[in-house]
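This is a predicted model, so every value here is computed, not measured.
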Amino acid sequence: MNTPPTTEPFDFDGAYGSDYESIARTAIPGYLSSFQQALVLLGGRLSPSPRVLVVGAGTGIELVTFKTARPGWRLTGVDPSRQMIGIAKHRMREAGVGDGVRLVHGPVSDLDEDGFAAATCFNVMHFLPDDGAKLLLLRDIAARLAPGAAFLLFELHGDRSGPRFDELFAAWIRYWKTRGMGEAERAAFRAKIDEGIHWASEARILELLAEAGFEDAWRYYRALLYGGWISRRSR
């Protein structure tokens with residue numbers, strides 16, 4: 001029986017998922033360096049062999065980056081897309097970093113572990129509406145962390161009614177062109193953004209983090225409409 005095509009703008013179990021890394025490298029300023037930044041930020045807060053939760057394991061590049069540099073880290077990667085889990089498994093096999101890494105297909109709420117020393121959530125939350133879904137994700141992550149555990153969040157964000165949003169958004173689209181994205185690709189990607197991204201301002205992100213049980217949150221990175229924040233699970 002043929003599977004009907006998905007109506008989701010970001011179909012991580014379909015064509016978008018299979019092309020995701022190429023798109024991310026093109027469209028996200030600092031995509032590759034974001035994982036290196038996470039590595040060095042967490043490296044200053046963790047013991048030599050911590051358990052680290054990676055929410056949105058995606059293509060596995062974050063897991064490979066962490067495990068290659070810190071072989072003693074014990075990693076659990078979670079992703080609701082079966083296709084992305086398969087891509088991550090393949091990447092880890094190629095990199096030879098499978099030992100000490102667990103991949104879980106499903107939402108964070110299905111994870112049967114807690115007490116993690118740290119967690120990351122990169123390029124996930126902007127796909128969720130702010131109707132309780134963003135907050136629920138953050139609460140599910142907080143519930144699986146030890147008190148005081150570090151948490152890194154990296155997101156597309158912005159206040160659509162703010163004074164600089166339109167300028168930044170237009171610059172971001174021009175960035176796609178400078179990175180080699182063709183006119184038709186840009187139009188298709190813009191349509192996906194318009195339909196499937198659920199924007200939140202930085203103030204709202206900080207509010208959600210506090211409500212979910214995180215404290216001492218501060219932004220360590222910004223590039224156009226992307227930002228990175230580090231916080232810790234409230235004690």
Side-chain angles (χ1 to χ4, degrees), residues 6 8 10-25 27-28 30-43 46 49-128 133-134 136-145 149-156 196 226 228-230:
T6 180
E8 292 293 325
F10 296 101
D11 54 332
F12 284 93
D13 278 311
Y16 182 80
S18 62
D19 293 337
Y20 173 74
E21 188 164 318
S22 174
I23 296 169
R25 287 172 183 255
I28 301 176
Y31 175 68
L32 293 177
S33 69
S34 69
F35 306 120
Q36 295 288 345
Q37 291 176 56
L39 179 67
V40 295
L41 281 166
L42 291 177
L46 298 178
S49 57
R51 287 193 302 121
V52 177
L53 173 62
V54 175
V55 178
T59 63
I61 188 170
E62 184 177 356
L63 296 166
V64 169
T65 299
F66 288 175
K67 195 65 177 174
T68 300
R70 298 288 187 271
W73 287 15
R74 293 165 290 160
L75 306 177
T76 297
V78 181
D79 202 295
S81 164
R82 191 172 297 280
Q83 177 173 233
M84 303 309 280
I85 290 289
I87 294 171
K89 286 181 178 178
H90 177 73
R91 179 180 230 119
M92 288 190 300
R93 281 196 300 269
E94 285 191 326
V97 294
D99 290 345
V101 182
R102 179 190 178 199
L103 283 172
V104 178
H105 171 239
V108 179
S109 58
D110 285 353
L111 188 62
D112 57 358
E113 294 181 70
D114 58 19
F116 286 93
T120 65
C121 182
F122 280 29
N123 303 306
V124 174
M125 201 170 72
H126 51 240
F127 296 116
L128 303 177
K134 291 182 189 292
L136 181 60
L137 172 64
L138 293 174
R139 281 179 169 166
D140 284 341
I141 295 170
R144 283 153 183 83
L145 295 178
F151 175 53
L152 268 66
L153 180 69
F154 184 95
E155 288 298 321
L156 184 61
Y226 282 87
W229 295 265
I230 186 167

(message) Less than 4.5 Å apart, side chain to side chain, heavy atoms only: is that true for Ser49 and Trp73?
(response) no

(request) Could you check if a side-chain atom of Val124 sits within less than 4.5 angstrom of a side-chain atom of Leu137, using non-hydrogen atoms only? (result) yes

(message) Just verifying a value: how many Å separate Thr68 OG1 and Leu39 CG, rounded to the nearest 0.5 Å?
(response) 9.5 Å

(request) For residues Thr59 and Tyr20, determine if any side-chain heavy atom of one lies less than 4.5 Å from a side-chain heavy atom of the other. (result) yes

(message) Nearest 0.5 Å, please: how far is CG in Leu145 from CZ in Arg51?
(response) 10.0 Å

(request) Flag the pair Glu21 and Arg91 as a salt bridge only when some basic side-chain nitrogen lies within less than 4.0 angstrom of an acidic carboxylate oxygen. (result) yes

(request) Using modelled atom types only, decide if a donor and an acceptor are shared between the side chain of Asp114 and the backbone of Ala143 within a distance under 3.5 Å. (result) no

(message) To check you understand the geometry: which heavy-atom pair defines the closest contact between Leu42 and Ala150, and what is its length?
(response) CD2-CB, 3.8 Å

(message) Please confirm whether the ring centroid of Phe12 lies under 6.0 Å from the ring centroid of Phe127.
(response) yes

(message) Between Leu46 and Val52, is there a side-chain heavy-atom distance shorter than 4.5 Å?
(response) yes

(message) Would you say that Leu152 contacts Phe122 through its side chain, given a criterion of any heavy-atom pair below 4.5 Å between the two side chains?
(response) yes

(request) Any chance you could lay out the side chain to side chain donor-acceptor pair (under 3.5 Å) test for Gln83 and Ser18, step after step, and finish with the verdict? (result) CA-CA 8 Å; Gln83 177 173 233; Ser18 62; 4.6 Å; no

(message) If I take atom OG from residue Ser81 and atom CG from residue Asp11, how far apart are they, to the nearest 0.5 angstrom?
(response) 9.0 Å

(request) Answer whether the closest heavy-atom distance between the side chains of Asp13 and Glu8 falls below 4.5 Å. (result) no

(message) Here's one to test your reading of the geometry: is the NZ or CZ of Arg25 within 45 degrees of the ring axis of Tyr31 and under 6.0 Å from its centre?
(response) no

(message) What verdict does the side chain to side chain donor-acceptor pair (under 3.5 Å) test give for Gln36 and Thr65, after you've listed the backbone C-alpha separation in whole Å, the side-chain angles of each residue and the deciding distance to 0.1 Å?
(response) CA-CA 7 Å; Gln36 295 288 345; Thr65 299; 4.9 Å; no

(request) State, to 0.1 Å, how close Ala119 and Ile141 come at their nearest heavy-atom pair, and which atoms those are. (result) CB-CG2, 4.0 Å

(request) Search all heavy atoms of Ala88 against all heavy atoms of Gly58 and return the closest pair with its distance. (result) CB-O, 3.5 Å

(message) Nearest 0.5 angstrom please: Leu156 CG to Ile28 CD1, how far?
(response) 8.0 Å

(request) Keeping the roles fixed (side chain from Arg144, backbone from Leu111), state whether a donor-acceptor pair exists under 3.5 Å. (result) yes

(message) Let's go through Leu138 and Met125 carefully: what are the C-alpha distance in whole Å and the side-chain angles of both, what is the deciding distance for side-chain contact (heavy atoms from CB on, under 4.5 Å) to 0.1 Å, and is it a yes or a no?
(response) CA-CA 9 Å; Leu138 293 174; Met125 201 170 72; 3.7 Å; yes

(message) Below 30° counts as parallel, above 60° as perpendicular, anything between as tilted: where do the rings of Tyr226 and Phe154 land?
(response) parallel

(message) Quick check: closest heavy atoms across Ala57 and Leu63, and the distance to 0.1 Å?
(response) CB-CD1, 4.1 Å

(message) Just verifying a value: how many Å separate Phe35 CZ and Ile61 CD1, rounded to the nearest 0.5 Å?
(response) 5.5 Å

(message) Can you confirm whether Glu155 sits close enough to Trp229 that some side-chain heavy atom of one is under 4.5 Å from a side-chain heavy atom of the other?
(response) yes

(message) Looking at Asp79 and Met84, would you say the former's side chain and the latter's main chain have a donor-acceptor pair under 3.5 Å?
(response) no

(message) salt bridge (Lys or Arg N to Asp or Glu O under 4.0 Å), that's the test. Do Asp112 and Arg102 meet it? Break it down for me.
(response) CA-CA 12 Å; Asp112 57 358; Arg102 179 190 178 199; 3.1 Å; yes

(request) Could you check if a side-chain atom of Val97 sits within less than 4.5 angstrom of a side-chain atom of Phe66, using non-hydrogen atoms only? (result) no

(request) Calculate, to the nearest 0.5 Å, the distance between atoms CG and CE belonging to Leu75 and Met92 respectively. (result) 8.5 Å

(message) Please check this pair: side chain of Ser33 against backbone of Gly30, looking for a donor-acceptor N/O pair closer than 3.5 Å.
(response) yes

